[in-house]
Amino acid sequence: MTTPATPAAPEKMEFQTEVKQLLNLMIHSLYSNKEIFLRELISNASDAVDKARFEAITNPSLLGGEPAFKIRIEADKENSILRLSDNGVGMTREELIRNIGTIANSGTKKFVEQLSGDQKKDVSLIGQFGVGFYSVFMVADKVVLTTKRLGSDEPAMRWESAGDGSFTLQEADKAGRGTELEIHLKDDAKQFLDEWQIKNIVRKYSEYVSHPIAFVSKKEDGQSENEVQEEILNTRPPLWRRAKGEVTPEQHKEFYQHLTHDDGEPLAWSHNKVEGALEYTTLLYLPSKAPYDLYYPDRPHGLSLYVKRVFIMNDCKELLPPYLRFMRGVVDSEDLPLNVSREILQKNAVIQKINQAATRKSLALLETLAKEEPEKYKTFWKEFGSVIKEGFHMNWENLDELKRLLRFESSKTGAGEYRGLQDYVVDMKEGQKDIYYLTAENRRAAEGSPHLEVFRKKGVEVLYLVDPIDEWVVQSLTEFDGKKLVNAAKGDLDLGDLSKEEKKHQDEAKGQYEKLMKDLGEKMAETIKEVRVTTRLAESPCCLVADEHDLGANMERILKMSNQKVPESKRILEINPDHPIIQRLNALYEADPANPGLPDWYGVLVDQALLAEGSEIRNPAEYVKKVNGFLANVLENRG
Ligand code: ADP
Ligand code: MG
């Protein structure tokens with residue numbers, strides 16, 4: 001005998017304490033960005049479909065007469081109800097109670113703890129802590145959920161709550177598998193019934209959800225009232241998920257613009273799918289123009305992160321190092337959890353692996369561009385070269401790649417033209433061991449510097465490092481391709497075989513000028529630390545050089561400009577033994593070592609060395625006075 005079926009009365013159950021707290025917050029405290037409830041519910045529907053698809057892999061018959069998966073949204077304006085349904089996995093009674101009922105998941109407690117009172121931040125936490133379902137109570141005063149579990153004999157269940165601390169459960173009628181939500185919108189949330197609003201939100205957050213999301217509306221012909229039409233909102237499959245060869249350059253440009261809101265075109269892109277221990281896709285774009293805030297310290301930057309096609313966040317800076325912050329693009333990972341948070345990202349091993357790979361891909365993209373499209377690379381270098389150079393600071397990874405990307409002006413280029421270190425090395429003179437550079441304020445100062453004279457004479461190229469950051473770059477960039485980088489204005493210059501003659505000459509001159517140099521050094525001890533015979537000069541009487549490990553004039557200038565304390569460091573005066581001024585001065589000294597005019601000559605020589613390299617002199621008025629004295633003398637003798 002069977003008892004006649006009496007509909008079971010609804011069973012009332014209490015939410016667990018933390019869920020109650022959470023609901024209370026959703027209902028009373030969170031006002032901003034409420035639209036994300038739709039993202040969360042669609043994401044749940046999409047998960048449910050993923051699970052159903054997975055379970056059906058081993059048992060396709062489970063799907064019965066409904067093999068196609070779908071998520072549907074319908075706005076019932078008459079009753080102020082938004083309906084959302086999926087034909088995913090559904091839930092049993094027990095699963096319902098566990099997932100959206102009495103038991104709080106570990107994220108619930110964390111979410112409540114993390115709340116800061118800052119609306120924007122707090123709402124953004126919802127997606128991160130696995131409490132997405134409850135966000136529906138930001139917009140609803142009643143939610144009815146009917147669900148039927150895939151592959152289970154249990155009857156469908158109806159769950160209902162006003163978010164007030166309890167919910168009811170009872171058996172229900174539902175034909176197919178999956179979950180249906182009836183969202184009774186609050187008075188202040190009626191805008192979510194608006195077709196245009198709904199479509200916009202869905203496109204914004206779920207364009208790349210891999211299952212079709214249909215917007216359902218009544219047919220407008222008025223004849224058949226019950227007939228409905230469905231519009232699929234996410235028709236475009238994500239571009240990065242398509243086969244590399246299927247995406248045209250035109251499509252890449254469009255997508256880049258859609259992604260970045262930059263109406264320019266990317267200079268280059270790199271599209272890679274990685275399958276192995278980790279599975280992910282990277283799509284990287286190199287912009288052609290720097291944004292105005294490229295050097296702002298807290299500027300948001302980074303790639304957009306997707307997990308299994310579900311959008312997670314923009315500006316995920318953990319995916320690339322800061323020196324590649326100009327790159328734009330998408331990473332789509334199969335291995336990260338959907339509710340990944342910023343905090344998790346910072347230490348996540350998957351993210352670190354993807355960061356390494358995206359870094360290598362970006363550097364390779366740049367290197368290829370440099371080789372194959374040098375004009376485009378020049379554009380890139382003008383816009384972003386200084387950012388790339390930051391890669392030499394506190395970084396020991398990919399240095400070889402970074403070195404090959406560097407470009408500088410040099411004594412062999414015109415203004416605005418560049419040479420790479422590799423170009424330099426190829427063109428080195430026979431017998432040349434080192435790579436020479438000069439740091440200076442600008443190209444003109446570099447070109448006029450007396451330090452270059454011997455290089456010009458020998459036809460040896462000197463790189464002009466005229467970007468302030470170059471001073472820091474050369475602290476890490478000490479060699480390239482086995483060759484040392486040498487500052488042309490520092491240390492005791494040794495051009496090796498190229499300066500054999502000069503060395504010999506230097507040795508001979510040493511004895512000849514010994515006394516003059518001693519006197520000069522003593523009288524100018526306040527400004528210089530030593531005097532020696534040069535091998536650097538051809539036309540000038542003298543120049544100042546820094547010791548190998550001292551700051552150098554350019555670095556001093558930069559530090560002073562940024563109001564930093566600069567340690568006093570004296571430089572070495574190098575004199576040119578073949579210059580008539582030095583020769584006459586020597587004669588003057590030998591005729592009378594006590595000649596009272598000598599200190600003025602010394603002072604003018606040192607000041608001129610400073611002026612010639614583009615530095616400031618200590619007392620311009622005094623310098624002018626001395627020079628005028630000399631000029632008056634000359635004119636008198638002529639007259
Ligand atoms: P999360 O999605 O991060 O797990 P949610 O609060 O969004 O957190 O959802 C809680 C749980 O409720 C989900 O993990 C899932 O088990 C269940 N659930 C929610 N919506 C659905 C649905 N449409 N179909 C099946 N299960 C669902
Ligand atoms: Mg969810």
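For the numbers below, each heavy atom of this structure counts, side chains included, while hydrogens, waters and symmetry mates do not. When a ligand or atom number is given, it counts from 1 through the structure's own listing order.
In summary, Glu35 and Arg39 do not engage in a salt bridge, as defined by a charged side-chain N under 4.0 Å from a carboxylate O. Classification of Arg241 and Glu334 as a salt-bridged pair holds, one side-chain N sitting under 4.0 Å from a carboxylate O. Note on Arg149 versus Glu55: salt bridge recorded, some NZ/NE/NH1/NH2 to OD/OE distance being below 4.0 Å. Between Glu401 and Arg360 there is no salt bridge, since none of the side-chain N atoms of the basic residue sits less than 4.0 Å from a carboxylate O of the acidic one.
The distance criterion of under 3.5 Å between nitrogen or oxygen atoms is met by Gly132 with respect to ligand 1. Between Tyr134 and ligand 1, a contact under 3.5 Å exists for no N or O pair. An N or O contact shorter than 3.5 Å is missing between Asp47 and ligand 1 by distance.
Of all atoms in ligand 1, numbered sequentially from 1 with element shown, those under 4.0 Å from a heavy atom of Phe133 are 5 (P), 6 (O), 7 (O), 9 (O). Listed by number with element, the atoms of ligand 1 under 4.0 angstrom from any heavy atom of Ile100 are 12 (O).
In summary, Ser43 places no N/O/S atom under 2.8 Å from the Mg ion (ligand 2), failing the contact criterion.
Heavy-atom distances between Glu40 and ligand 1 stay at or above 4.0 Å for every pair.
Residue Ala48 holds the heavy atom nearest to atom 24 (N) of ligand 1 of all those in Ser135, Ser85, Ala48, Ser46. Scanning Leu145, Val136, Asp86 for the heavy atom closest to atom 23 (N) of ligand 1 points to Asp86. Relative to atom 26 (N) of ligand 1, the option among Met91, Glu180, Glu95 with the closest non-hydrogen atom is Met91.
His393 and Tyr323 form no side-chain donor-acceptor contact under 3.5 Å, judged by distance and modelled atom types alone.
Ring orientation note: the planes of Phe133 and Trp159 are nearly perpendicular, at an angle over 60° on the 30°/60° scale.
Nearest heavy-atom pair, Pro287 versus Tyr256, reported as atom, atom and distance to 0.1 Å: CB-OH, 3.2 Å.
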